[in-house]
There are 2 protein chains.
Amino acid sequence: MLSQQGFPMNGLHLVGDLYECACDKQLLERAAEPLKRIRALCETAGLTVVGERAYEFDGGGYTLATLLAESHVTLHTWPEYDMVAMDVYVCNHTQDNSAKARALARGLVEMFASKKSAIKDIERGEIAERYAAAV
Amino acid sequence: MLSQQGFPMNGLHLVGDLYECACDKQLLERAAEPLKRIRALCETAGLTVVGERAYEFDGGGYTLATLLAESHVTLHTWPEYDMVAMDVYVCNHTQDNSAKARALARGLVEMFASKKSAIKDIERGEIAERYAAAV
C-alpha cells in the first residue's frame with residue numbers, strides 16, 4: 001500500500017561537495033570518529049542506522065557508508081585538499097523525512113567545519129510521482 | 001599535486017531511479033547475489049572494490065553499499081514495487097573514469113531488467129573546478 005508520501009523511493013538526496021574543511025585533521029584522515037558522530041547525528045535526527053562500513057586509504061583519507069533504514073550516508077575525504085564529498089539520501093516511506101536529511105547534512109558540514117560548500121537537492125522518485133499522479 | 005582531471009573529488013555521480021524491474025525477484029529481495037554481481041561489474045569496468053555492506057529488511061528488500069577506491073555504489077530495493085534506487089559515483093583522481101561509471105550503471109540497470117528508469121548525471125566538484133580555472 002502506498003503511504004501518504006507516494007512511492008517509497010521518493011525522498012530527498014543531498015549531494016554535497018565540502019571545501020576548506022577546517023576541522024581537526026583527524027576527522028578527514030581516519031573514519032572511526034566520523035562513524036561515531038554519524039551514529040549520534042542519526043540518533044538525534046530520528047534516523048535508524050542498520051549498518052556501516054569504512055575503508056581508510058594509505059596516507060590518510062577514507063571512504064565510508066552508513067546504511068540507514070531510511071537509505072544512506074556516504075563520505076569520501078581528501079585530507080590533502082581539506083575536501084569531503086558527502087551524500088545524504090533519506091526516503092519518505094512512512095513520513096516526510098526531508099527535515100531529518102537536512103539536519104544530518106548540516107551536522108556533517110559543521111563536523112568538518114567546511115567554510116565553502118555546494119549542496120544540491122535531488123528529489124528522488126520523479127517518475128514514480130508521475131505514476132502516482134496518473135492513478 | 002593535482003592530476004590532469006583537477007581536484008580529486010571531481011567525477012561523475014549517476015543518480016538512478018529504476019522502475020518496472022522485471023528481473024528474478026530474488027535480486028530485489030536478497031543482497032548476496034547483487035553484491036557478487038557488483039564485484040564482477042566493477043572488475044570488468046576496471047574499478048577497485050575496497051569494502052561492502054548490506055542490510056536486508058524483514059519481508060524482503062535491502063540496502064547495500066559497495067565502497068570503491070574511486071568512490072561508491074549504493075542500492076536500495078523495494079521488491080513490492082519492483083523499484084530500485086541506484087547511485088554510482090566514480091571520481092576522476094588519476095584519470096577520467098566517467099565511462100567506467102556509465103558501464104557500471106548500465107550493468108546494474110540490465111541486472112534488474114528495469115523497463116523504465118530515470119538517471120541523472122551529477123558532476124561533482126563544481127566549486128573545485130572554478131578554483132582550478134582561477135589558478
Side-chain angles (χ1 to χ4, degrees), chain A residues 1-2 6-11 13 15-20 31 48-57 61-78 80-81 83-87 89 91 93 114 116-120 122-131, chain B residues 1-2 6-11 13 15-20 31 48-57 61-78 80-81 83-87 89 91 93 114 116-120 122-131:
Chain A
M1 194 160 71
L2 293 180
F7 285 90
M9 189 191 293
N10 297 10
H13 185 152
V15 175
D17 297 335
L18 316 185
Y19 305 89
E20 299 183 19
T48 306
V49 173
V50 295
E52 59 187 19
R53 182 77 194 235
Y55 178 85
E56 295 180 341
F57 294 94
Y62 57 84
T63 180
L64 73 77
T66 299
L67 306 183
L68 307 176
E70 303 84 1
S71 293
H72 71 261
V73 177
T74 61
L75 294 178
H76 306 284
T77 68
W78 289 273
E80 67 273 40
Y81 297 108
M83 288 181 183
V84 178
M86 169 189 84
D87 286 79
Y89 169 29
C91 64
H93 193 13
S114 170
K116 199 163 293 195
S117 59
I119 298 181
K120 287 193 183 79
I122 312 286
E123 294 290 341
R124 303 291 295 248
E126 58 182 356
I127 289 182
E129 281 297 346
R130 270 180 268 146
Y131 281 8
Chain B
M1 195 160 69
L2 293 181
F7 285 89
M9 189 191 293
N10 297 9
H13 186 152
V15 176
D17 297 337
L18 316 186
Y19 305 89
E20 299 184 18
T48 306
V49 173
V50 296
E52 58 187 20
R53 183 75 194 235
Y55 178 85
E56 295 179 342
F57 294 94
Y62 56 85
T63 181
L64 73 76
T66 299
L67 306 183
L68 307 177
E70 303 84 0
S71 294
H72 71 262
V73 177
T74 62
L75 294 178
H76 306 284
T77 68
W78 289 274
E80 67 274 39
Y81 298 108
M83 288 181 183
V84 178
M86 169 190 83
D87 286 79
Y89 169 29
C91 66
H93 195 12
S114 170
K116 200 164 291 196
S117 59
I119 298 181
K120 286 194 183 79
I122 311 287
E123 294 290 340
R124 303 290 296 248
E126 58 183 354
I127 289 182
E129 280 297 348
R130 271 180 267 145
Y131 281 8

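Chain naming here is simple, since letters A, B, ... match the order of the sequence lines and numbering starts at 1 in each. Note that the coordinates shown come from a computational prediction; the quantities given were computed from them, not determined experimentally.
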Colleague: Tell me the closest heavy-atom pair linking A:Leu67 and B:Tyr55, and the distance in Å.
Modeller: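 Looking at all heavy atoms of both residues, the shortest contact is CD1-N, 4.0 Å.
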
Colleague: Output yes when a side-chain donor or acceptor of B:Asp17 lies under 3.5 Å from a complementary backbone atom of A:Arg124, and no otherwise.
Modeller: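 No.
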
Colleague: How close do B:Tyr19 and A:Met9 get, counting heavy atoms only, and between which atoms?
Modeller: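 Looking at all heavy atoms of both residues, the shortest contact is OH-SD, 3.9 Å.
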
Colleague: Please enumerate all residues that pass salt bridge (Lys or Arg N to Asp or Glu O under 4.0 Å) together with B:Glu56, with sequence neighbours excluded.
Modeller: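 B:Glu56 satisfies salt bridge (Lys or Arg N to Asp or Glu O under 4.0 Å) with B:Arg30 once adjacent residues are dropped.
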
Colleague: Given a strict heavy-atom distance threshold of 4.5 Å, which part of B:His76 is in contact with chain A: side chain, backbone, both, or neither?
Modeller: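 Only the side chain of B:His76 comes within 4.5 Å of chain A.
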
Colleague: For A:Thr74, which atoms come within 4.5 Å of any heavy atom of chain B: side chain, backbone, both, or neither?
Modeller: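 Contact with chain B is through the side chain of A:Thr74 alone.
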
Colleague: Relative to chain A, which segment of B:Ala69 carries a heavy atom at a distance below 4.5 Å: side chain, backbone, both, or neither?
Modeller: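 Both the backbone and the side chain of B:Ala69 come within 4.5 Å of chain A.
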
Colleague: For B:Ser71, is it the side chain, the backbone, both, or neither that has a heavy atom closer than 4.5 Å to a heavy atom of chain A?
Modeller: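 B:Ser71 touches chain A through backbone and side-chain heavy atoms alike.
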
Colleague: Considering only heavy atoms, which portion of A:Leu75 lies under 4.5 Å from any heavy atom of chain B: side chain, backbone, both, or neither?
Modeller: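 Contact with chain B: none, neither part.
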
Colleague: Check A:Asp87 against B:His13 and note the closest heavy-atom contact, atom names and distance.
Modeller: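 In terms of heavy atoms, the two residues are closest at OD2-CE1, 3.0 Å.
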
